[in-house]
Structures are given as structure tokens and as C-alpha cells.
Number of protein chains: 2
Amino acid sequence: MAARAQYEELARQISAFGAVKRGMARGLPADCPPASAAVLTLLRQHGELRTSQLAELMAIDMSVMSRHVAHVVDLGWVERHPDPLDGRSRLLCLSERGRRLMDELSEYVVVTLEEHMGDWGDADVAQLTALLRRLRESFGDCRARTHPHQSPRQPHETTTAPTK
Amino acid sequence: MAARAQYEELARQISAFGAVKRGMARGLPADCPPASAAVLTLLRQHGELRTSQLAELMAIDMSVMSRHVAHVVDLGWVERHPDPLDGRSRLLCLSERGRRLMDELSEYVVVTLEEHMGDWGDADVAQLTALLRRLRESFGDCRARTHPHQSPRQPHETTTAPTK
DNA sequence: TATTGTTATACTCTATAACTATA
DNA sequence: TATAGTTATAGAGTATAACAATA
């Protein structure tokens, strides 16, 4: 267990992290807000996903993800196909235009990070990435219960089995 | 310089960081949004500050900070005193109630982080904190120029002297 | 004329609740 | 009855621009 001062300093860094996110978001295409870029990135990484799975991966409410998805579909970057396993759901995947945009976004990400972190060592970048992932996992899925049926405090059973 | 895949993975972790921030924000007093907590924390740490200095420390526009400050002043956590050096400005500091709230917030932060990161080693917590600070510094002050008069790149004078 | 701060407006992201269509 | 998704509404955070008061 870390010391009190350690935790307080970490909290301070967490609360100031917004500056980094804004630094990454600046320079995205005007019609591609950060949330859209995140959705596209996840779809490139995972292939086909449902809205609920995307919400799970970003740890936000499905209602929020629904709007993000609507935006990228409206702009023609993502296609919705019927889900053969469940008529209520649809499968999302990148369109050809979406793939082209992702090529640009990927380039933007690398250039921007290189610009700001060019003086970092390879090992430091890798370590930061690993610690960020671990931190996110330590916080688990912190959004409020999706449905009021289960009690608010649920130590486990959070990210299991999207049923698929 | 890190590999392309490294940078892309880091970008992914950065974009997913919101879940951690929300995890920390959940459980704050209802009338104390995260931005208010951040302002109070900075004032406890630095003593007296101007609105413009707070904006600098959080790397947000002064107009935004002006509203955050108005909120904590309205709720009686922060007092505004005349700035003897500049009649346009006022010096902000914690009120007695603000100090009491900070005691609670500080406890909340430690308990929450302990809850989520209790299994982390001391060294890992310290390393994460250090890397987050370095990342923030690498991105410098990424908000748009406060005024169109000065050039967008202003490398220093950002996070000096936590004083502690 | 320049700077500190405030206010008005607009946009992004988020959550809750009510709704639909399907299971 | 329960679940996948949508939509309406509200709140928090941010930026830009126009403005006030002081330097």
C-alpha cells in the first residue's frame, strides 16, 4: 500500500490528465470528435462489434455509445449489418471510407505523439502504456449499473460475458 | 523513438482514460464537481492564486476557470481578496469551510485509490505518478493561445514549484 | 492599447429515464 | 418479463468571442 502523499499526488495527476487528452484531440478532423475516433479505432481492432460491446469496451453507458455510433454511421464511416443471432441487435464494422479515415487518424496519432514524446525512450513509452492499462483495469468498469435491477455495488460480474 | 504500434496502443490507453477519471469522480459530494475539487486541491497546495494562475495550472482557458472559481466561491469554499499588486485581479484562497471540505476530499481520494489499487506495489504507484507527470509536461500547455497576441508555443512556466 | 477577468453562446461527453422492438 | 437499442433531457467541461474594468 502506497503512502497517503503518494495517492494524493497520483490523484492530482489523474485530475490534470485532461490536458493530454485535449492535446491529442486537437488536430482531429472537424467532423471527427474524439469519441468517433475511439469508435473507429475499436472497430478496426476488433472487426465486428455490437453497440453494447463498444459501450463495454469504452466503459460508458450504451445510450451514449448509441449516439456516437449514430454519428459515425451518418458520416459513412461505419456500416450496420443485421445480427443473425439476435434481431434486436446489429453488427457494426468499418466501411471503406472508414478504413481510409483510420489510415489518416493512425498517421495523425503517430505524428502527434512523436512530436510531443520524441525524446522519450522506447522503454518509458512501453511502461507508461502498460501502467495505464493496468490502472484502467484496476478501476474496472466504473460506470453506474446499466440497469437498476442489480445493486450499485457489485465487486465482480462487471465485464463478463457480453453473451455474444 | 517508439514503434508505430507502441504509439497507437498508447493513444488507445489515453482515449480510454476517461473511465479512470469517472471512477474517481463518482462519490464526490453532489455539489462538488471534479473541477471544483481540482481548484480546491490547487489552492490548498499553492496557497493564494489568481484565476489566471489556476487556469495555467490546469491548462484550461481562463474563461472556463472563471466559472469554476465562481462556483466554489458561491458555495463558500473559496474567498476572493483584493490583489494589492493589480486592481484588475483578485487573490483566491481556501475559506475555513473549504479547508474542512479538503480534509474530507483528501480522505476520499486515499480511500478510493486504496480500494482500487490496494494490490499495487509502492514502486508501481510512484512510477505511474512520475510517468503521468512527465507525459503532461511533454504535452506542455496544449490549450489554444489564451490571447491571439502571444505565439502558441510557450515552453516553460507551466508546472513550476509545487512548493509542497 | 494591453491585460484580467466575466459573461454569452455553442459543442462534446456523459448519465438517467422513458420508450421500441425483439427474445 | 428481460434485453438491445434509441431518444429526450439534463449536467459537467471546454472554447471562442464580446465585453468590463484596470494598467
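No experiment lies behind these values; they were computed from the predicted model shown. Naming convention: chains lettered A, B, ... in sequence-line order (proteins, then strands); numbering from 1 in each chain.
Note on B:Glu9 versus B:Arg12: no salt bridge recorded, every NZ/NE/NH1/NH2 to OD/OE distance being 4.0 Å or above.
Annotation: side chain of B:Pro84 is in contact with side chain of B:Leu91 (closest heavy-atom distance under 4.5 Å).
When the side-chain nitrogen and oxygen atoms of B:Ser66 are compared with OP1 and OP2 of C:dT4, none of them lie within a distance under 4.0 Å. Note on B:Arg67: every side-chain N or O is 4.0 Å or more away from OP1 and OP2 of D:dT14. Contact annotation: B:Arg90 side-chain N/O to C:dG5 OP1/OP2 distance is not under 4.0 Å. Between A:His71 and C:dT12 there is no side-chain polar atom (N or O) within less than 4.0 angstrom of OP1 or OP2. When the side-chain nitrogen and oxygen atoms of A:Arg80 are compared with OP1 and OP2 of D:dT6, one or more of them lie within a distance under 4.0 Å. Phosphate proximity of D:dT6 to A:Ser63: absent, as no side-chain N or O sits under 4.0 Å from OP1 or OP2. Between B:Ser52 and C:dT3 there is no side-chain N or O to OP1 or OP2 distance below 4.0 Å.
Look at CZ on B:Arg50: it is 10 Å from C1' on C:dT3, rounded to the nearest Å. Spacing between atom CZ of A:Arg26 and atom P of D:dA15 amounts to 7 Å, rounded to whole angstrom units. One atom, CE of B:Met58, and another, C1' of D:dA12, lie 12 Å apart when rounded to the nearest Å. Rounded to an integer number of Å, the gap from A:Leu54 CG to D:dT6 P is 11 Å. In this structure, CG of A:Leu28 is placed 15 Å from C1' of C:dC11, rounded to the nearest angstrom. Look at CZ on A:Arg22: it is 13 Å from C1' on D:dA12, rounded to the nearest Å. Atom P of nucleotide D:dA23 and atom CZ of B:Arg88 are separated by 7 Å, given to the nearest angstrom. A straight line from CG of B:Asp86 to P of D:dA23 spans 6 Å, rounded to a whole angstrom.
Residue-level contact check: A:Asp83 touches neither bases nor backbone, having no heavy atom under 4.0 Å from any strand.
If you check the side chains of A:Thr112 and A:Arg26, you find no donor sitting under 3.5 Å from an acceptor.
B:Trp120 and A:Ser138 make their closest contact through NE1-OG, 2.7 Å (heavy atoms, listed as atom of the first residue, atom of the second, distance).
Closest contact between the side chain of A:Asp61 and the listed nucleotides C:dC13, C:dA15, D:dT6 involves C:dA15.
Heavy atoms from other residues, nucleotides or ligands lying under 6.0 Å from CZ of B:Arg67 number 12 at most.
The residue among A:Pro33 and B:Ser89 whose nearest nucleotide of DNA chain C lies closer to the 5′ end is B:Ser89. Of the residues near DNA chain D, B:Ala30 and A:Thr51, the one whose nearest nucleotide (by heavy atom distance) lies more toward the 5' end is A:Thr51.
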